[in-house]
Amino acid sequence: MKSILITGGAGFIGSNFIPYFLDKNPDIHIVNIDKLTYAGDLKNLKEVQGKENYTFVKGDICNRSLIESLFEKYDFLGVIHFAAESHVDKSIVSPDEFIKTNVFGTFTLLDVAKDYWMESPYQFKEKHKGCRFHHISTDEVYGSLGETGMFTEMTPYAPNSPYSASKASSDFIVRSYFHTYGMNVVTTNCSNNYGPKQHEEKFIPTIIRKALAEENIPIYGDGKNVRDWLYVLDHCTGIDLVFRAGKSGETYNIGGRNERDNNYVVTKICKLLDEKIPRKNRRSYSDLITYVKDRPGHDLRYAIDATKIENELGWKAVENFETGIEKTVFGYLKKYAKL
């Protein structure tokens, strides 16, 4: 049975991807390595626990000897690299952890894979021809947009936070291993994900959690920051497609074409909560919206142009924001309100 290494699979996107991928590929063995920091939770993977073709390893991607031992034991034919420190606010307070995990961790994985799969630059070992390293990145590496325009794969990098700078650095390391060593790599840069299993500190879970607790719902600045919202299961289909069919050395932007500002998002969620679980005082949850001091380096607008993956690989997002957010709210209501 062929084995693939998934890093950070207990996090939000990874824990949605693993069940999806195993369901499509029952003949593939997934080894999931995760450090289980605050953002990783094995409860997110309960549907694959006990499967013969799934193995969990608690560990740090920066631990080279551990990564080398896993390659030797499982003979990986692919790597899908989700593992990353990803919370912008935390990167402002503790940037060193982001540099270590996102930059050095990515380098460690790449370098071990290169040494295991390849005889020399541009020369793969016979049994490892076709082995691929897929790096999962973010649209935040491109910086901030004005009121118009969209990020394409050709947009110059302009990261504005320690988080996005660390991800930009990791993207460049992946690129360098393609051009210098001829490694079979692909990179995907996604827009803001939302959906089931997201950590409660993130924007949409925070809105729902605070509302249900009858606490102020904090919105940075004036709430006019715009994001392109991508339902996580749509993202999973895009990752799978690029891993299987993407062109080596290429980058693919994955976005939902669902631009919404934070004011719209919080208001929409409050309306859904008003309908599904009204407050005891019968007032709208929107009364709890509270604007707070903006965070440093807060990008105004992100928008992904997904034309390349749509045209070249035939991918398309299924969920629009209105259908996706309703599914998301109902899912979190089952978690927080025990519906």
Side-chain angles (χ1 to χ4, degrees), residues 11-13 15-17 19-20 39 41 43-44 46-47 86-89 139 190-238 254-292 294-295 298 300-304 306 316-339:
F12 170 39
I13 302 172
S15 65
N16 277 279
F17 180 78
Y20 167 83
D41 190 344
K43 292 178 183 177
N44 290 338
K46 58 186 177 183
E47 63 264 61
S86 64
H87 195 271
V88 176
D89 287 357
D139 60 357
C190 67
S191 56
N192 276 45
N193 280 220
Y194 69 104
K197 302 180 181 179
Q198 192 168 23
H199 192 272
E200 64 178 19
E201 71 180 1
K202 296 292 188 174
F203 182 59
I204 287 175
T206 293
I207 293 171
I208 301 168
R209 179 170 48 85
K210 292 286 189 179
L212 294 177
E214 293 284 341
E215 297 176 1
N216 288 338
I217 303 170
I219 303 296
Y220 281 128
D222 59 9
K224 294 181 180 179
N225 300 78
V226 176
R227 300 294 181 259
D228 175 12
W229 292 97
L230 174 66
Y231 193 64
V232 66
L233 295 177
D234 281 330
H235 188 196
C236 291
T237 67
I254 306 178
R257 298 191 183 275
N258 285 297
E259 287 186 58
R260 304 289 188 277
D261 71 18
N262 290 347
N263 286 326
Y264 179 90
V265 174
V266 67
T267 302
K268 179 67 176 179
I269 292 173
C270 287
K271 286 181 179 178
L272 289 170
L273 292 176
D274 288 341
E275 296 169 6
K276 295 179 182 297
I277 185 166
R279 296 175 69 188
K280 292 179 180 178
N281 63 11
R282 314 307 293 179
R283 298 176 65 180
S284 173
Y285 286 99
S286 61
D287 291 345
L288 298 172
I289 297 172
T290 304
Y291 293 95
V292 299
D294 210 351
R295 71 184 179 204
H298 196 182
L300 175 64
R301 175 175 168 262
Y302 305 144
I304 283 277
K316 188 174 179 61
V318 173
E319 301 290 346
N320 60 46
F321 184 75
E322 281 61 41
T323 60
I325 197 62
E326 187 160 359
K327 291 180 180 180
T328 301
V329 168
F330 186 71
Y332 282 106
L333 281 178
K334 289 195 290 185
K335 175 180 179 180
Y336 292 134
K338 310 297 182 185
L339 293 186

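None of the values given here were measured: they were computed from a predicted structure. Counting from 1, the numbers follow the sequence of the chain as shown.
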Between [atom1] on residue [X] and [atom2] on residue [Y], distance to nearest 0.5 Å:
| X | Y | atom1 | atom2 | answer |
| --- | --- | --- | --- | --- |
| T206 | Y332 | OG1 | OH | 9.5 Å |
| N192 | D228 | CG | CG | 8.0 Å |
| I208 | F330 | CD1 | CZ | 12.5 Å |
| I207 | N262 | CD1 | CG | 7.0 Å |
| I289 | K210 | CD1 | NZ | 14.5 Å |
| H235 | I13 | NE2 | CD1 | 5.0 Å |

What closest approach, in Å, do [X] and [Y] show between heavy atoms, and which atom pair accounts for it?
| X | Y | value |
| --- | --- | --- |
| A39 | H199 | CA-CD2, 3.8 Å |
| P278 | R282 | CB-NH1, 3.8 Å |
| R227 | L300 | NH1-O, 3.4 Å |
| N16 | C236 | C-SG, 3.7 Å |
| V292 | P218 | CG1-CB, 4.1 Å |
| I325 | K268 | CG2-CG, 4.0 Å |

Test log, rule side-chain contact (heavy atoms from CB on, under 4.5 Å), inputs Y285 and I277: CA-CA 10 Å; Y285 286 99; I277 185 166; 3.9 Å; yes
Do [X] and [Y] make a side-chain contact, defined as non-hydrogen atoms from C-beta onward lying under 4.5 Å apart?
| X | Y | result |
| --- | --- | --- |
| I254 | I304 | no |
| N263 | K224 | yes |
| K202 | I204 | no |

Any chance CZ of R295 has more than 12 other-residue heavy atoms, nucleotides or ligands included, within less than 6.0 Å?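 Yes, because the 6.0 Å sphere around CZ of R295 holds more than 12 heavy atoms from other groups.
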Aromatic ring proximity, centroids under 6.0 angstrom, F203 and Y194: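 Centroid separation for Y194 and F203: 6.0 Å or greater.
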Using the side-chain contact (heavy atoms from CB on, under 4.5 Å) rule, pick out the option among K197, K46, Q198 that qualifies with S15.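 Of K197, K46, Q198, side-chain contact (heavy atoms from CB on, under 4.5 Å) with S15 is met by K197 alone.
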Would you confirm whether [X], through its side chain, and [Y], through its main-chain N or O, come within 3.5 Å as a donor-acceptor pair?
| X | Y | answer |
| --- | --- | --- |
| R279 | D274 | no |
| N320 | N258 | no |
| N44 | F12 | no |
| T328 | P196 | no |
| R260 | W229 | no |
| N193 | S191 | yes |

Verdict with supporting geometry, L212 and L333, side-chain contact (heavy atoms from CB on, under 4.5 Å): CA-CA 9 Å; L212 294 177; L333 281 178; 3.7 Å; yes
What I want to check is whether the side chains of T237 and D234 have a donor and an acceptor closer together than 3.5 Å.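 Side chains of T237 and D234: no pair found under 3.5 Å.
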Are E319 and K327 ion-paired here, with the side-chain N under 4.0 Å from a carboxylate O?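 So E319 pairs with K327 through a salt bridge.
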Taking R301 first and then E259, would you say they form a salt bridge - that is, a charged N and a carboxylate O separated by under 4.0 Å?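 Looking at R301 and E259, the cut-off is met.
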